[in-house]
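Within every chain, numbering begins at 1; the chains are lettered A, B, ... in the order of the sequence lines, protein sequences first and strands thereafter. Note that the structure is a prediction, hence the values are computed from the model and not measured. Values below: all heavy atoms of this structure, side chains included; hydrogens, waters and symmetry mates excluded.
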Protein chains: 2
Amino acid sequence: MTGVSEPALDPETRLHSDHPEALRLWLRIFTCARTVERSVDQLLKREFGSSLARFDVLAQLERAPEGLRMGELSERTLSTNGNATWLVAALGREGLVRRRAAPEDGRAVLVRLTAAGRRHFATMAKRHEAHIVSCFAGLSAGERRTVHSLLGTVKDHLTARRKQPPNDHARDDRTTA
Amino acid sequence: MTGVSEPALDPETRLHSDHPEALRLWLRIFTCARTVERSVDQLLKREFGSSLARFDVLAQLERAPEGLRMGELSERTLSTNGNATWLVAALGREGLVRRRAAPEDGRAVLVRLTAAGRRHFATMAKRHEAHIVSCFAGLSAGERRTVHSLLGTVKDHLTARRKQPPNDHARDDRTTA
DNA sequence: GGCAATTGCTTGAATCTTGAACTACATGAT
DNA sequence: ATCATGTAGTTCAAGATTCAAGCAATTGCC
């Protein structure tokens, strides 16, 4: 007997549908993100001989006029230390970025945009923005805010999770171990 | 007291915030996607000596018991032809996947999971699912459905866009050209 | 049939990314 | 002061990814 409740609220159904739902959501986020990423990357390559990774570094530096340490930079670009070194070296060779020792810590390095870097970024950013706008033109402004806000919750959850990785699925998934 | 209307609804603000809004949304999607991607990739590397890219290939093949052509495969994994060749070669060396000529087209190659591949995938998939569930545990089931559905719209828009790339920003951005 | 254009895939070079080992500086306890 | 420990970045090798060029089978057209 299932009673008067709606199918979706049936406890058994919930247990079964709860998990695949998260999977489906992830798959969709993944698809959208990768599609846009690739189109942006191709755009930046085609029109500026650059790339999404480079653009991302420049964007982070643009927002930090005082410069960023390498560690901060790699954290904000969500990449590794080694990769940040590599990218900054490349951008440095192209004159878009300058490195100097941090005043208060001999180990640290401060990276800043050069004037040329700022100019180059501004050009790319304009094109980039137009592209992004067209990618998300399928949603209304309100819908965009909704997704933005809900993914904000996800982001916070992920950030909290990283600080203290709660063993992933420790409590109710012993059958896997 | 500013009255009943919210600041965000002011017309001038709207005009200005319309574009940056898409940018902010993109930035957030990008952040969430990359964070989850990296954590999944590390998980699969750490526990199975595999990677997200390999997992993705196996997942697509699992869904296609008849096998997939290389082209189909690279399309579904959102990667390039060359990369698909590379990945399938690696998975083939590990015995998880088998290649054979397509019956009706001598140029095409059909890729399928081997029994070992299916087993290996099942193990990883279990772990993977638990991980994903925990990543998105910050949202309620309803919220997950909302995001899933809205991003469905985005996905459709992107798919339509690809078929006939509408020049991106042709109408109102001549100043850039 | 035969030949040009197309299609499906592979190859190779260049680029990018990662993870782990390493250097150099900083800090704190003794 | 000295040493153990920790922290900021770099380096290097291996892996992954892209793009363009190439090859072989197929299709369409005459």
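Residue Asp105(B) places its side chain closer to dA25(D) than to any other of dA16(D), dA25(D), dC16(C). Distances from the side chain of Ser79(A) to the nucleotides dT18(D), dG8(C), dT18(C) place dT18(C) closest. Here the side chain of Asn81(A) is nearest to one of dG9(D), dA26(C), dT17(D), namely dG9(D).
Taking atom CZ on Arg38(B) and atom P on dA16(D), their separation rounds to 15 Å, with Å as the unit. Atoms CG (Leu52(A)) and P (dC19(D)) sit 12 Å apart, rounded to a whole Å. In this entry the distance linking CZ of Phe55(A) with C1' of dC16(C) reads 18 Å, nearest Å. Leu68(A) places its CG atom 15 Å from the C1' atom of dG9(D), with the value rounded to the nearest Å. The distance between atom CZ of Arg69(B) and atom C1' of dA25(D), rounded to the nearest whole Å, is 12 Å. Atom P of nucleotide dT10(D) and atom CG of Leu73(A) are separated by 10 Å, given to the nearest angstrom. Rounding to whole angstrom units, CD of residue Glu37(B) and C1' of dT17(C) are separated by 13 Å.
Arg34(B) and Glu37(A) are joined by a salt bridge, as a carboxylate oxygen and a charged side-chain nitrogen come within less than 4.0 angstrom of each other. Under the 4.0 Å criterion applied to side-chain N and carboxylate O atoms, Arg69(B) and Glu104(B) are assigned as salt-bridge partners.
Both Glu72(A) and Lys45(A) lie close to DNA chain D; mapped to their nearest nucleotides by heavy-atom distance, the more 5′-ward contact belongs to Glu72(A). Summary of the strand contacts: Glu104(B) and Ala84(B) both lie near DNA chain D, and taking for each the nucleotide with the nearest heavy atom, the more 5' one is attributed to Ala84(B). Mapping Leu78(A) and Arg107(A) onto DNA chain C via the closest heavy atom, the residue that lands nearer the 5' end is Leu78(A).
Contact annotation for Gly106(A): backbone-only contact, meaning every heavy-atom pair under 4.0 Å involves sugar-phosphate atoms and none involves a base. Residue Gly71(A) is in sugar-phosphate contact alone, with no base atom involved, counting any heavy-atom pair closer than 4.0 Å across all strands shown. Nucleic acid contact class of Ala53(B) (heavy atoms, under 4.0 Å, all strands): sugar-phosphate only. Within 4.0 Å (heavy atoms only), Asp41(B) reaches no atom of the nucleic acid at all.
Near DNA chain C, meaning a heavy atom under 4.0 Å away, the residues from residues 85-96 of chain B are Thr85(B).
Contact annotation: Asn83(A) reaches the phosphate of dT18(C) (side-chain N/O to OP1 or OP2, under 4.0 Å). Dashed line: the shortest gap from a side-chain N or O of Arg54(B) to OP1 or OP2 of dA16(D) is under 4.0 Å. Here Arg99(A) does not reach the OP1 or OP2 of dA8(D): none of its side-chain N or O atoms lies under 4.0 Å away. At the phosphate of dC19(D), OP1 or OP2 sits under 4.0 Å from a side-chain N or O atom of Gln42(A).
For Arg46(A), the CZ atom counts as densely surrounded, since its 6.0 Å shell holds more than 12 non-hydrogen atoms of other residues, nucleotides or ligands.
Looking at heavy atoms from C-beta onward, Thr80(A) lies in side-chain contact with Arg38(B) at the 4.5 angstrom threshold. Inter-residue side-chain proximity for Leu158(B) and Ser39(A) is flagged as unmet; no heavy-atom pair is nearer than 4.5 Å.
Between the side chain of Arg144(B) and the main chain of Phe136(B), a donor-acceptor pair closer than 3.5 Å is present.
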I would like to know whether Ser74(B) and Asn81(B) meet side chain to side chain donor-acceptor pair (under 3.5 Å); could you show each step before the answer?
CA-CA 6 Å; Ser74(B) 62; Asn81(B) 264 352; 2.9 Å; yes
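Relative ring orientation between Phe48(B) and His120(B) is described as perpendicular, the plane-to-plane angle rising above 60° on a 0-90° scale split at 30° and 60°.
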